[in-house]
Student: 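Sharing a structure with you now.
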Amino acid sequence: MFKPASLSQITSRHLKTGPRSRTLPLTTIGLVGLLLLATGCSSDESVSRPTSSMIPASNFSASVDDEGLIVHKFDSNGDNQPDVIKYFQEAPDPYNAAVTKRFLRKVEIDANADGNVDIRRFYDDFGNVIREELDANLDGKIETINYYDGGALTRKELLNIKDNRVEATRYYLRGQLLRVEKDTNGDGKVDYWEYYEEGVLTRLGRDHTGDGRADIWQQR
């Protein structure tokens, strides 16, 4: 059984993110196998069987869920629990409505084999990630949600698990951080702002009155 120390060891080139979203080192061979398995092909040409030689046929199963999605489950470490679950939908080809294709809609990964989903990704008709949910510290709770447009990261929400709310939101353009908004007092309203130019913090604002507008601005 493999157990990576952190999801920070995951790199985007194995998980099919958009450009510039994340590039960090991998140190766990087992996790590499999971990530390669998770990327796969989003069409119906290569999804009927596991493509990785690391996964024997006995560790693969296929079914249909209550929503009509085709579900492929992979058990890479032989513990009888799926490490990667891929959800497919059969729908008209966006380029040719007369052709039915099988599209990858969602991937769930249990990176440390504890039975909890640590990575959950949703895809559009063209194979681009549109949303990604992460349990970065592998404690069984999702605390980061990333949003993508055309495969590029546009927004990152950092969740406060204890209060079940968005604590901070980061906005990106072409891979660079543009703005950060925070709810520092937990009242559900943004009361702190950071603005960036070419990735450098230029000014920040704070709302002390609770009206949703910055009362104080500081240039950096």
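Residues: numbered from 1 along the sequence shown. Keep in mind that this is a model prediction, so the values were computed, not measured.
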Student: Hey, can you tell me if H72 and F60 have their rings parallel, tilted or perpendicular (30° and 60° cut-offs)?
Tutor: perpendicular
Student: Which heavy atom of D79 sits nearest a heavy atom of A113, and at what distance?
Tutor: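 Looking at all heavy atoms of both residues, the shortest contact is OD2-CB, 4.1 Å.
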Student: Using the rule that two of Ile, Leu, Val, Met, Phe, Trp, Tyr join whenever any of their side-chain heavy atoms come within less than 4.5 Å, decide whether I130 and I145 are in one cluster.
Tutor: no
Student: Counting the benzene-type ring for Trp, do F126 and Y95 have ring centres under 6.0 Å apart?
Tutor: yes
Student: I'd like to know if the side chain of D118 and the backbone of A111 have a donor-acceptor N/O pair within less than 3.5 Å.
Tutor: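 Yes, the answer is positive, given that a donor and an acceptor are paired below the 3.5 Å cut-off.
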Student: Is the closest side-chain donor-acceptor distance between T209 and D207 under 3.5 Å?
Tutor: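 The criterion, which ignores hydrogens and geometry beyond distance, is satisfied for D207 and T209.
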Student: Going from CG on D191 to CG on D183, what distance comes out if it is rounded to the nearest 0.5 angstrom?
Tutor: 5.5 Å
Student: Determine whether more than 12 heavy atoms belonging to other residues, nucleotides or ligands lie under 6.0 Å from atom CD of E197.
Tutor: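 No - once you tally the heavy atoms of other residues, nucleotides and ligands closer than 6.0 Å, there are 12 at most.
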Student: Are more than 12 heavy atoms, taken from residues, nucleotides or ligands other than N80, located less than 6.0 Å from that residue's CG atom?
Tutor: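 For N80, atom CG is not crowded (no more than 12 foreign heavy atoms under 6.0 Å).
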Student: Could I get the full list of side-chain hydrogen bond (donor to acceptor under 3.5 Å, both in side chains) partners for E143, not counting sequence neighbours?
Tutor: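 Residues passing side-chain hydrogen bond (donor to acceptor under 3.5 Å, both in side chains) with E143: none at all.
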Student: Are any of the side-chain heavy atoms of L178 and Y196 separated by less than 4.5 Å?
Tutor: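 The answer is no; the side chains never approach within 4.5 Å.
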Student: Measure across G186 and R165 and return the closest heavy-atom pair with its distance rounded to 0.1 Å.
Tutor: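 Scanning both residues, the minimum pair turns out to be CA-CZ, 3.4 Å.
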Student: Report yes or no: do V190 and Y195 belong to one cluster of Ile/Leu/Val/Met/Phe/Trp/Tyr joined by side chain heavy-atom distances under 4.5 Å?
Tutor: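 Both belong to a single hydrophobic cluster.
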Student: CD/E67 to CD/Q89 distance, rounded to the nearest 0.5 angstrom?
Tutor: 9.5 Å
Student: Hey, are the side chains of Q218 and R206 touching, using non-hydrogen atoms and a 4.5 Å cut-off?
Tutor: yes
Student: Share the residues that join I216 in a hydrophobic cluster, the rule being Ile, Leu, Val, Met, Phe, Trp or Tyr side chains under 4.5 Å apart at the heavy-atom level.
Tutor: none
Student: Check K73 against P82 and note the closest heavy-atom contact, atom names and distance.
Tutor: CB-CB, 4.0 Å
Student: Quiz question: by atom type and distance under 3.5 Å, do the side chains of D83 and S76 form a donor-acceptor pair?
Tutor: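 Yes, because at least one side-chain N or O of D83 sits under 3.5 Å from a partner of the opposite role on S76.
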Student: Nearest 0.5 Å, please: how far is CG in N160 from CD in E167?
Tutor: 4.5 Å
Student: If you look at every heavy atom in K182 and A168, which pair is closest and at what distance?
Tutor: CG-CB, 3.7 Å
Student: Rounded to the nearest 0.5 Å, what separates atom CD1 in I70 from atom CZ in F103?
Tutor: 12.0 Å
Student: Look only at the side chain of T169 and the backbone of E181, and say whether a donor-acceptor pair between them is shorter than 3.5 Å.
Tutor: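 The answer is no, because no donor-acceptor pair under 3.5 Å joins these two groups.
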Student: Do the numbers put R105 on top of the ring of Y87, so that NZ or CZ is under 6.0 Å from the six-membered ring centre and no more than 45° off the axis?
Tutor: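 No; the conditions do not both hold, so R105 does not lie above the ring face of Y87.
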Student: Would you check if I85 and V107 make a side-chain contact, meaning some heavy-atom pair closer than 4.5 Å?
Tutor: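 Of all side-chain heavy-atom pairs linking V107 with I85, none is under 4.5 Å.
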Student: When you look at CZ of R213, are more than 12 heavy atoms from neighbouring residues, nucleotides or ligands closer to it than 6.0 Å?
Tutor: no
Student: Tell me if the CG atom of D65 is crowded by more than 12 foreign heavy atoms within 6.0 Å.
Tutor: yes
Student: Of the non-hydrogen atoms in D93 and K101, which two are nearest, and what is the gap between them?
Tutor: OD2-CD, 3.1 Å
Student: Going from CG on D163 to CG on D187, what distance comes out if it is rounded to the nearest 0.5 angstrom?
Tutor: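 Those atoms lie 11.5 Å apart.
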Student: About how many Å separate NZ of K86 and CD1 of I109, when rounded to the nearest 0.5 Å?
Tutor: 9.0 Å
Student: Verify the distance criterion only: is there a donor paired with an acceptor across the side chains of E132 and Y148 at less than 3.5 Å?
Tutor: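 Yes, side-chain donor-acceptor contact under 3.5 Å.
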Student: Should I161 and L138 be counted in the same cluster of Ile, Leu, Val, Met, Phe, Trp and Tyr side chains packed under 4.5 Å apart?
Tutor: no
Student: Side chains of I142 and T144: does their closest heavy-atom pair fall under 4.5 Å?
Tutor: no
Student: Using atom types as modelled and distance alone, determine if a side-chain donor or acceptor of D215 lies under 3.5 Å from a backbone N or O of H208.
Tutor: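 Between the backbone of H208 and the side chain of D215 there is a qualifying donor-acceptor contact (under 3.5 Å).
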Student: Does Y147 share a hydrophobic cluster with L159, counting links as ILVMFWY side-chain heavy atoms below 4.5 Å and allowing steps through other members?
Tutor: yes
Student: Would you say F122 ends up clustered with L69 if hydrophobic residues are merged whenever their side chains have heavy atoms under 4.5 Å apart, either directly or through other cluster members?
Tutor: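 L69 and F122: separate clusters.
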Student: Quick one, V129 and Y123 - any side-chain contact, counting heavy atoms below 4.5 Å?
Tutor: yes
Student: Give me the atom names and distance for the closest heavy-atom approach of P92 to A97.
Tutor: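 Minimum heavy-atom separation between P92 and A97: CB-O, 3.8 Å.
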Student: Counting only heavy atoms not in D149, do more than 12 sit closer than 6.0 Å to its CG atom?
Tutor: no
